[in-house]
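Reading through the structure tokens given below for one structure.
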Amino acid sequence: MRVITRQRLSRFWEKHKDSEDALKAWFKEAEHAQWKTPGDIKARYSTADFLNNNRVVFNIKGNRYRLIVQIHYNTQVVYIRFAGTHKEYDRIDAEKI
């Protein structure tokens, strides 16, 4: 997968240092993944939640943080839409961010 953009993750882990290793690990896995369907993601990330418009919510660092991505399966592109704490996640509309 082509992940756009790592910068959004790095800005987040600069503020939340304890998320850095988990986000880097997720990024590396996503780059090497070949997700064709939501089922491919669910097989690896059983706690992932799937929303409308091909959005996926990942729990990061033992569910301490949330990562929202939008996936274009046909072009193998993952757009990072949001990285945040649960409190920040509760204040957004995950299907529109």
Side-chain angles (χ1 to χ4, degrees):
M1 304 295 285
R2 185 167 160 230
V3 182
I4 301 174
T5 168
R6 186 173 190 254
Q7 184 179 29
R8 187 167 274 174
L9 296 180
S10 64
R11 282 193 310 248
F12 182 77
W13 76 55
E14 285 173 10
K15 287 192 241 176
H16 303 276
K17 296 286 187 196
D18 64 326
S19 70
E20 184 174 359
D21 290 342
L23 287 171
K24 282 182 176 178
W26 177 90
F27 185 87
K28 186 176 181 178
E29 276 193 49
E31 275 190 315
H32 292 93
Q34 293 184 4
W35 297 323
K36 304 279 188 211
T37 68
D40 295 338
I41 296 169
K42 198 66 165 175
R44 170 63 182 96
Y45 297 96
S46 62
T47 61
D49 293 317
F50 298 89
L51 309 174
N52 291 331
N53 203 17
N54 290 324
R55 290 179 187 242
V56 183
V57 180
F58 292 94
N59 296 315
I60 301 296
K61 191 164 171 51
N63 203 23
R64 184 169 182 161
Y65 302 109
R66 294 284 175 102
L67 175 65
I68 302 172
V69 302
Q70 185 173 30
I71 300 177
H72 293 250
Y73 296 99
N74 59 335
T75 58
Q76 294 286 283
V77 177
V78 176
Y79 293 94
I80 297 173
R81 307 300 299 159
F82 171 86
T85 65
H86 275 276
K87 190 174 186 179
E88 292 166 336
Y89 176 82
D90 290 342
R91 292 191 310 247
I92 64 159
D93 183 343
E95 292 186 359
K96 293 183 181 176
I97 195 163

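Just so you know, these numbers use all the heavy atoms, side chains as well, and skip hydrogens, waters and symmetry mates.
- Using a 4.5 Å cut-off on side-chain heavy atoms (C-beta onward), D40 and Q34 make no contact.
- Hydrophobic clustering, with ILVMFWY side chains joined whenever heavy atoms are under 4.5 angstrom apart, groups L51 together with I92.
- The shortest distance between side-chain heavy atoms of V56 and V78 does not fall below 4.5 Å.
- Annotation for R11: atom CZ counts as buried by contact number, over 12 foreign heavy atoms lying within 6.0 Å.
- The NZ atom of K42 sits 12.5 Å away from the OG1 atom of T37 when rounded to the nearest 0.5 Å.
- Atoms CD1 and CG, from I41 and D49 in turn, are 11.5 Å apart once rounded to the nearest 0.5 Å.
- Between atom CG of residue N59 and atom OH of residue Y89 there is a gap of 8.5 Å, rounded to the nearest 0.5 Å.
- The heavy-atom pair separating W35 from Q76 by the smallest distance is O-NE2, 2.7 Å.
- The aromatic rings of F58 and Y45 sit perpendicular, their planes meeting at an angle over 60°, well past the 30° parallel limit.
- Side chain of H86 to main chain of N63: a donor-acceptor pair is present (N/O by atom type, distance under 3.5 Å, no hydrogens or angles).
- Every residue two or more places apart in sequence or in another chain that forms a side chain to side chain donor-acceptor pair (under 3.5 Å) with Y65 is listed here: D18.
- Put simply, F82 and M1 are part of two different groups of oily side chains (I, L, V, M, F, W, Y) that touch within less than 4.5 Å, one to the next.
- No side-chain heavy atom of R2 sits under 4.5 Å from any side-chain heavy atom of T75.
- Across A94 and R55, no two heavy atoms sit closer than the pair O-CD, 3.3 Å.
- Although no hydrogens or angles enter the test, the distance criterion places no donor-acceptor pair under 3.5 Å between the side chain of K36 and the main chain of Y73.
- Rounded to the nearest 0.5 angstrom, I80 CD1 and I68 CD1 are separated by 11.5 Å.
- Hydrophobic clustering, with ILVMFWY side chains joined whenever heavy atoms are under 4.5 angstrom apart, keeps Y79 apart from L23.
- No more than 12 heavy atoms of other residues, nucleotides or ligands shown are found within 6.0 angstrom of CG on D21.
- Between R8 and R81, the shortest heavy-atom distance links the atoms NH1-O, 3.0 Å.
- Here CD of E20 is found 6.5 Å from NZ of K17. Values are rounded to the nearest 0.5 Å.
- For the atom pair CD1 of I71 and CG of N53, the computed distance is 11.5 Å after rounding to the nearest 0.5 Å.
- Here the closest heavy-atom approach between residue W26 and residue V3 is recorded as CZ3-CG1, 4.2 Å.
- In this structure, V57 and R66 approach most closely via the heavy-atom pair CG1-CD, 3.7 Å.
- Nearest heavy-atom pair across S19 and H16 is OG-O, 2.7 Å.
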